[in-house]
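Here the structure is a predicted model, which is why all the values come from computation and not from measurement.
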Amino acid sequence: MHTPATNDKWQERAVAVLTMTGKSEKIVDAGTLQYQVYEHGVPNFIASGSFSYFHCDNHGCDPTQPMALNLTDPFNANSDFTINWQFQMPYSDPSADLHNYQVVVWGTDQDHVPYDFS
């Protein structure tokens, strides 16, 4: 992960960019990438969010229309993939003793468990 505007330093309100690559082990036809942001000295996460793997509507999800997860061959169980998304870091918590951040990321597909990655 990096923050292009701040030269890889986590700062409040910076835009963070995450890119991951790999190979799937099954056909994925729905899912969500989720994240939580923690700040050193603050006991709970200070921000969270999620991104759909694919475009979805009331008829289901379409793996040929990627949002967070781009499968090279969506109908192949062993497809190469790229996960790419960005989010804005939250405002710093005034009670934090240091302004260091950690981001926890995980993904779940149509089976929900186990996590696809974390």
Side-chain angles (χ1 to χ4, degrees):
M1 273 194 288
H2 67 97
T3 55
T6 59
N7 200 21
D8 290 333
K9 295 184 180 177
W10 297 110
Q11 298 174 347
E12 69 178 9
R13 308 313 291 159
V15 175
V17 178
L18 172 93
T19 301
M20 297 170 27
T21 59
K23 186 175 276 297
S24 63
E25 296 179 351
K26 67 179 187 180
I27 292 177
V28 178
D29 52 27
T32 305
L33 176 106
Q34 300 174 68
Y35 71 93
Q36 294 175 329
V37 179
Y38 291 84
E39 187 171 10
H40 190 273
V42 179
N44 300 310
F45 62 88
I46 60 171
S48 64
S50 62
F51 297 90
S52 193
Y53 282 173
F54 314 115
H55 175 75
C56 302
D57 61 20
N58 61 335
H59 300 291
C61 297
D62 184 352
T64 66
Q65 295 185 25
M67 292 182 73
L69 176 64
N70 187 356
L71 296 164
T72 303
D73 184 356
F75 304 107
N76 181 341
N78 297 306
S79 176
D80 290 330
F81 69 81
T82 301
I83 292 176
N84 193 0
W85 59 278
Q86 63 184 28
F87 65 97
Q88 189 169 25
M89 295 294 289
Y91 286 106
S92 182
D93 188 308
S95 69
D97 55 357
L98 297 172
H99 297 292
N100 293 335
Y101 299 93
Q102 291 182 325
V103 180
V104 177
V105 180
W106 69 97
T108 56
D109 62 21
Q110 67 273 7
D111 297 329
H112 304 290
V113 290
Y115 292 149
D116 298 335
F117 62 90
S118 63

Classify the ring geometry of Trp85 against Phe51: parallel below 30°, tilted from 30° to 60°, perpendicular beyond 60°.
tilted
Shared hydrophobic cluster for Leu18 and Leu69 (ILVMFWY, side-chain gaps under 4.5 Å):
yes
Single-linkage hydrophobic cluster, 4.5 Å side-chain cutoff, Tyr91 and Met89 together
no
List the atom of [X], the atom of [Y], and the distance in Å for their closest heavy-atom pair.
X      : Y      : value
Glu12  : Ser92  : OE1-N, 2.6 Å
Tyr101 : Pro90  : OH-O, 4.1 Å
Lys23  : Asn78  : NZ-O, 3.3 Å
Ile27  : Gln110 : O-NE2, 3.0 Å

Heavy-atom side-chain contact between [X] and [Y] under 4.5 Å:
X     : Y     : answer
Asp62 : Phe54 : no
Asp80 : Thr21 : no
Pro66 : Leu71 : no
Phe75 : Pro63 : yes
Phe87 : Val37 : yes

Donor-acceptor contact below 3.5 Å, side chain [X] vs main chain [Y]:
X     : Y     : value
Glu39 : Pro94 : no
Ser79 : Ser24 : no
Gln88 : Arg13 : yes

Candidates Asp29, Leu33, Thr32 - the one meeting side-chain contact (heavy atoms from CB on, under 4.5 Å) with Tyr53:
Leu33
Between Thr82 and Asn84, a side-chain donor and acceptor under 3.5 Å
no
Rounded to the nearest 0.5 Å, what separation is found between the CE atom of Met20 and the CD1 atom of Ile83?
4.0 Å
Drop me the distance from Asn76's CG to Phe81's CZ, to the nearest 0.5 angstrom.
13.0 Å
Begin with the C-alpha distance, continue with both residues' side-chain angles, and end with the deciding distance and a verdict on side-chain contact (heavy atoms from CB on, under 4.5 Å) for His55 and Met67.
CA-CA 6 Å; His55 175 75; Met67 292 182 73; 4.2 Å; yes
